[in-house]
Amino acid sequence: MRRSVQYSKQVVAAILLTAAFSVPRAAAGAEVDALLERLQATDVPEWETIEDQIWQEWSKSGSPAMDLLLKRGRDAMTEGDFAAAVEHFTALTDHAPDFAEGWNARATAYFSLKLYGPSIADIQRTLTLNPRHFGALNGLGLMLEELGYAADALRAYRAAAKLHPHRPELKEAIKRLDLRVEGIDL
């Protein structure tokens, strides 16, 4: 593998430990706490509504100007202009460095450009600011799996599933990698 996409197990472990043991910042708010608690319940037919509410809360920077940058970046991504999205999200992270969703959005844009190094760095920043960001953990799992780090990808997917156990594609990824990494008991 090229040097730019190689990540040691120590780096991956540090990212996952950050997510597992960081104290959530107060910015998450009681509303997000309650929504995440409801999302983690086993029988939640309205999980998609709860997930949408969490994303809405995470997308509030507290500044109309920063919210506009987030919207412009997301609009650029919808249009397939990932380079423009990176520019908008970079302006957002420059001006609101404590806004986790800015970092997560830029990580997604970098991922779409196949720039995994910058994407993983932004995911690490996202998880430092918001350790319960199941989207960032899922994205980390996607990249690690694509890079051939099946065991680390499985750990990231499992961490995401602890926070959000309802996404079908997440369950499928865990099942797929569980067989590959841990094998079948005889």
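Computed from heavy atoms alone, side chains included, the values below leave out hydrogens, waters and symmetry copies.
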For residues 119-147, which residue pairs qualify under ring-ring contact (aromatic ring centres under 6.0 Å, His included), counting only residues two or more places apart or in two chains?
Trp55-His133, Trp55-Phe134, Trp58-His133, Trp58-Phe134, Phe134-His164

Check Glu146 with Lys114, please: is the shortest side-chain N to carboxylate O separation under 4.0 Å?
yes

Who passes salt bridge (Lys or Arg N to Asp or Glu O under 4.0 Å) against Glu46, sequence neighbours left out?
Arg38

Can you name the residues that form a salt bridge (Lys or Arg N to Asp or Glu O under 4.0 Å) with Lys60, not counting sequence neighbours?
Glu57

Which distance, rounded to the nearest 0.5 Å, do you find between the CD of Glu87 and the CG of Leu92?
13.5 Å

Residues 96-115 vs ring-ring contact (aromatic ring centres under 6.0 Å, His included), sequence neighbours excluded, gives Phe111-Tyr116

Is there side-chain contact between Ser119 and Ile123, with heavy atoms separated by less than 4.5 Å?
yes

Show me the donor-acceptor pairs within less than 3.5 Å that the side chains of residues 67-85 make with the rest of the protein, sequence neighbours left out.
unit_1, atom_1, unit_2, atom_2, d
Asp67, OD1, Ser61, N, 2.9
Asp67, OD1, Ser61, OG, 2.6
Lys71, NZ, Asp75, OD2, 2.7
Arg74, NH1, Ser59, OG, 3.0
Arg74, NH2, Ser59, OG, 2.9
Arg74, NH2, Glu101, OE2, 3.3
Thr78, OG1, Arg74, O, 3.0
Asp81, OD1, Ala84, N, 3.2

Quick one: salt bridge (Lys or Arg N to Asp or Glu O under 4.0 Å) partners of Glu37, sequence neighbours excluded?
none

Measure the spacing between CD1 of Ile120 and CG of Leu144 and express it to the nearest 0.5 Å.
5.5 Å

Of all heavy-atom pairs between Leu137 and Ala160, which one has the smallest distance, and what is that distance?
CB-CB, 3.7 Å

Derivation and outcome, side chain to side chain contact (heavy atoms under 4.5 Å, CB included), residues His166 and Gln40:
CA-CA 8 Å; His166 304 287; Gln40 292 170 4; over 6 Å; no

Could you note down all residue pairs passing salt bridge (Lys or Arg N to Asp or Glu O under 4.0 Å) where residues 119-130 supplies at least one of them, sequence neighbours left out?
Asp98-Arg125, Arg106-Asp122

Begin from the C-alpha positions of Leu39 and Val44 and carry the test side chain to side chain contact (heavy atoms under 4.5 Å, CB included) through to its verdict.
CA-CA 7 Å; Leu39 187 63; Val44 184; 5.6 Å; no

Applying the 4.5 Å side-chain criterion to the ILVMFWY set and letting contacts propagate, would Met143 and Leu115 be lumped into a single cluster?
no

Heavy-atom side-chain contact between Thr49 and Gln53 under 4.5 Å:
yes

Would you mind writing out the side-chain donor-acceptor pairs for residues 173-181 within the sub-3.5 Å range, not counting sequence neighbours?
unit_1, atom_1, unit_2, atom_2, d
Arg176, NE, Glu145, OE2, 2.9
Arg176, NH2, Glu145, OE1, 2.9
Arg176, NH2, Glu145, OE2, 3.0
Asp178, OD1, Arg158, NH2, 2.8

